[in-house]
Asks: 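One structure is given below, represented as C-alpha cells, and several questions about it will come after.
Values below: every heavy atom of this structure, side chains too, minus hydrogens, waters and symmetry copies. Chain A is the first sequence line, chain B the second, and so forth, proteins listed ahead of strands; every chain is numbered from 1.
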Number of protein chains: 2
Amino acid sequence: MPTTTQDSSIAALLRDDILRGQYRCGERLPSERDLALRFGVHRSTVREAFKRLEQLGVARIAPGGARVAPLEEASLDIVEHLLALDDAPDPEIVDQVLEALSGFRAMAARLGTERADAAQRARLLEIVDAMSRSGLGNEEYAELVLELSDRFVEASGNMVLRLMGHALRPQRAHTRLGYGLFSDPPGRAEVDAALEQLARAIEAADGTRASEAIYGLSRLFRQSLRERSSAAEARATRPNRTALAGGRA
Amino acid sequence: MPTTTQDSSIAALLRDDILRGQYRCGERLPSERDLALRFGVHRSTVREAFKRLEQLGVARIAPGGARVAPLEEASLDIVEHLLALDDAPDPEIVDQVLEALSGFRAMAARLGTERADAAQRARLLEIVDAMSRSGLGNEEYAELVLELSDRFVEASGNMVLRLMGHALRPQRAHTRLGYGLFSDPPGRAEVDAALEQLARAIEAADGTRASEAIYGLSRLFRQSLRERSSAAEARATRPNRTALAGGRA
DNA sequence: CGTGCCACCATGGTCCGACCAGATCACCCC
DNA sequence: GGGGTGATCTGGTCGGACCATGGTGGCACG
C-alpha cells in the first residue's frame with residue numbers, strides 16, 4: 001500500500017504547477033519557508049519535496065531561491081506526468097509522445113526481431129496473429145500492442161530500451177484511443193498489410209522490415225487518434241496549455 | 001559555480017554504490033541514522049539524499065527501511081551515471097547505450113528529415129558534407145555527429161525526443177572511440193556510401209531512408225568501437241561489473 | 001540628482017533533538 | 001513448534017536554531 005507521504009504530495013503539486021506552466025522558466029518558486037507556511041508543514045518537509053523536483057530536473061535549487069529549470073533539462077520522466085496533468089492534456093503533447101513512442105517501438109522491433117530466440121519469436125508471432133483477428137475491442141488491442149512492445153524490448157536484451165519504454169509507457173486512456181481503426185473497415189486493409197509484413201519480418205529476423213512495419217502501424221494509429229481527438233475537441237472546452245506549449249515552433 | 005551540497009554528494013555516493021551492484025535488488029540500504037553517523041552529517045541531510053535516490057528510481061523508501069529498487073523502475077537518467085561510474089565501464093553497458101543511441105538517432109533522423117524547413121535542411125546537409133571530408137580527428141567527428149543528432153532533434157520539433165536525447169547524450173570519451181573508422185580505409189567506403197545516402201534522403205525529405213542511413217552509420221561505429229575496445233580490454237584489468245550485468249540474458 | 005557602497009534581511013544548507021506510527025524481529029508462552 | 005506479543009528499529013514529521021551567501025534597499029558621497 002503506497003501511503004503517499006506529505007513531501008511527495010507537495011512535490012507532485014509543485015511539479016504539476018510547473019508543468020502546467022504556472023511558473024515561467026527561470027522564475028523563482030516561493031521560498032521554502034513560505035511553502036511550509038502555506039502547506040502547514042515543516043520546512044524540512046518542503047525541502048525534501050524540493051530535492052525531488054531538482055532530481056526530476058524541473059527546478060534548480062540555489063541560495064537565493066529555487067528557480068524553474070528550462071524544460072530541456074528535465075528528465076524524460078516528466079512525460080508521464082505531462083500526460084496525467086488533466087483529463088484533457090494538450091493534444092500536441094499527446095501527439096508528440098505518440099510520435100516518440102512510434103519511433104521507440106520501431107527501434108525495439110528492429111533490435112528485438114534481430115535478436116529474438118526461437119521461443120521469443122514464436123511468442124511475437126502469436127501476438128501479431130492475435131492482432132490480425134477481428135472482433136477485438138480497443139482495450140484488447142491496446143493490451144496486445146503493449147505486450148508486443150514489451151516482448152520486443154525483452155528480446156532486444158537492451159536495458160536502456162527497457163528504461164526508455166518504462167518512461168514512455170502509456171498509462172492513460174488518451175494514448176489508447178487510436179486503436180479503433182483495427183476494426184474500422186477503412187484502415188483495416190492497411191493494418192492487415194502491415195501486420196503481415198511484420199510477421200514475415202519476424203520470421204526472417206529482418207529488423208529493418210519489422211521496424212518499418214511497426215512504424216507504419218503506429219502512424220496509422222496516430223492518424224486515427226488525431227482524427228478522433230480533433231473531432232472530440234471540437235465539442236469540448238479548450239485544451240489546457242502546458243509548459244510544453246510552443247515546443248514545436 | 002555549482003557548489004555541490006552535502007546531500008547531493010551523499011546521494012551520488014549511494015547511487016553509484018547501487019549502480020555498481022554493491023547492494024542487491026530488494027536489499028535494505030543502511031538506515032538514515034546509520035548513514036548520518038557514517039558520513040558525519042545530520043539525519044535530515046541523509047533524508048534529502050534519499051529523496052533524490054527515490055526520485056531517480058534506484059531506491060524505494062518505506063517505513064522499515066529503504067530498499068534498492070528493481071532496475072526496470074529506474075529513470076533513464078541513470079544511464080549517464082552508469083557510463084560515468086568508472087574509468088572503464090562495463091563494455092556491455094557501453095554497447096547497449098550505443099545501440100539505443102543508434103536507434104534514437106535513426107528516429108530523430110526520420111522525423112527531422114521529414115519536417116525540417118529549408119534552412120534546417122541546408123544546415124543538415126552542411127554537416128553531412130563536413131563529415132564526408134577526410135582528415136578530421138576523432139573529436140571533430142564526434143562533434144559533427146553530435147551536432148547532426150541535435151539538429152535532427154531540433155528539426156523534428158518533438159520535445160520528447162529532446163528529453164530522450166538529453167538523457168542519452170554521450171558525455172564520456174568511451175562512447176566516442178569508434179569514430180576512427182571515418183578515416184580508416186576499410187570502413188571509409190561504407191561510411192561514404194551511407195553519408196551519400198543520408199544526403200540524398202535529406203534532400204528528398206525521405207525519413208525512412210535517412211533513418212536507415214543513420215542506423216547504418218551507427219552500426220559501423222559500434223562495430224568499430226567493439227573491435228577497438230575488445231582489443232584494449234585484452235590488455236587491461238577486468239571490467240567492472242555493475243547492476244546492469246546479466247541484463248542481456 | 002545620480003551613483004556606488006554597505007548594511008540588512010531573506011534564502012537555502014545544515015544541524016540539533018524530539019515524537020509518532022508502522023515495520024521488524026526476537027522472545028516467550030502455550 | 002507455532003503463534004502471539006512487546007521491545008526496538010525505521011522512516012515521517014515537527015519545532016527551532018545557526019551560518020554563509022545573495023539580493024536589495026537605503027544612505028552617503030560625488
Asks: Salt bridge check, Arg151(A) against Glu147(A): does any charged N sit closer than 4.0 Å to a carboxylate O?
Replies: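 Judged by the 4.0 Å cut-off on N to carboxylate O distance, Glu147(A) and Arg151(A) do form a salt bridge.
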Asks: Taking the side chain as every heavy atom from C-beta outward, state whether Leu163(A) and Leu76(A) have any atom pair closer than 4.5 Å.
Replies: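 SC-SC contact between Leu163(A) and Leu76(A) ruled out.
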Asks: At a heavy-atom distance below 4.0 Å, what parts of residues 25-40 of chain B sit against DNA chain D?
Replies: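 Result for residues 25-40 of chain B: Arg28(B), Ser31(B), Glu32(B), Arg33(B), sorted by number.
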Asks: Compare all side-chain heavy atoms of Arg15(B) with those of Leu53(B) and state whether any distance is below 4.5 angstrom.
Replies: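 Side-chain contact under 4.5 Å: yes.
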Asks: State, yes or no, whether a side-chain contact exists between Thr45(B) and Phe39(B) at a heavy-atom distance under 4.5 Å.
Replies: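 Result no, sub-4.5 Å side-chain heavy-atom pair not found.
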Asks: Ion pair present between Glu99(A) and Arg115(B), side-chain N to carboxylate O less than 4.0 angstrom?
Replies: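 Yes.
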Asks: For a 4.5 angstrom cut-off between non-hydrogen side-chain atoms, does Gln55(A) reach Lys51(B)?
Replies: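 No; the side chains remain at least 4.5 Å from each other.
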Asks: Nearest whole angstrom, please: distance from the C1' of dC14(D) to the CG of Asp7(A).
Replies: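 Taking atom C1' of dC14(D) as the reference, CG of Asp7(A) is at 14 Å.
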Asks: Take the protein atom CZ of Arg43(B) and the nucleotide atom P of dT10(D), then report the distance between them rounded to whole Å.
Replies: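 Answer to the nearest Å: 10 Å.
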Asks: Residues of residues 54-67 of chain A with any non-hydrogen atom less than 4.0 angstrom from an atom of DNA chain C: list those, numerically ordered, please.
Replies: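 Correct list: Ile61(A), Ala62(A), Pro63(A), Gly65(A), Ala66(A).
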Asks: Would you say Thr45(A) places a side-chain N or O within less than 4.0 Å of OP1 or OP2 belonging to dC14(D)?
Replies: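 The answer is yes; a side-chain N or O of Thr45(A) sits under 4.0 Å from OP1 or OP2.
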Asks: Round to the nearest Å and state the distance from Glu48(B) atom CD to dG12(C) atom P.
Replies: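 Atom-to-atom, Glu48(B) to dG12(C), this comes out as 12 Å.
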Asks: Before giving the answer on salt bridge (charged side-chain N to carboxylate O under 4.0 Å, His left out), spell out for Glu32(A) and Arg47(A) the whole-Å C-alpha distance, their side-chain angles and the decisive distance to 0.1 Å.
Replies: CA-CA 7 Å; Glu32(A) 298 173 350; Arg47(A) 297 205 95 241; 3.1 Å; yes
Asks: What is the distance from NE2 of His42(B) to C1' of dG15(D), rounded to the nearest Å?
Replies: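 The answer, rounded to whole Å, is 12 Å.
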Asks: Can you check the Ile10(B) CD1 to dT14(C) C1' distance for me, whole Å?
Replies: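 Going from Ile10(B) (CD1) to dT14(C) (C1'), I get 11 Å.
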Asks: Should Lys51(B) be listed as having a side-chain N or O under 4.0 Å from OP1 or OP2 of dG11(D)?
Replies: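 The answer is no; no side-chain N or O of Lys51(B) sits under 4.0 Å from OP1 or OP2.
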Asks: Would you mind reporting whether His166(A) and Glu72(B) have side-chain heavy atoms less than 4.5 Å apart?
Replies: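 No, too far: nothing below the 4.5 Å cut-off.
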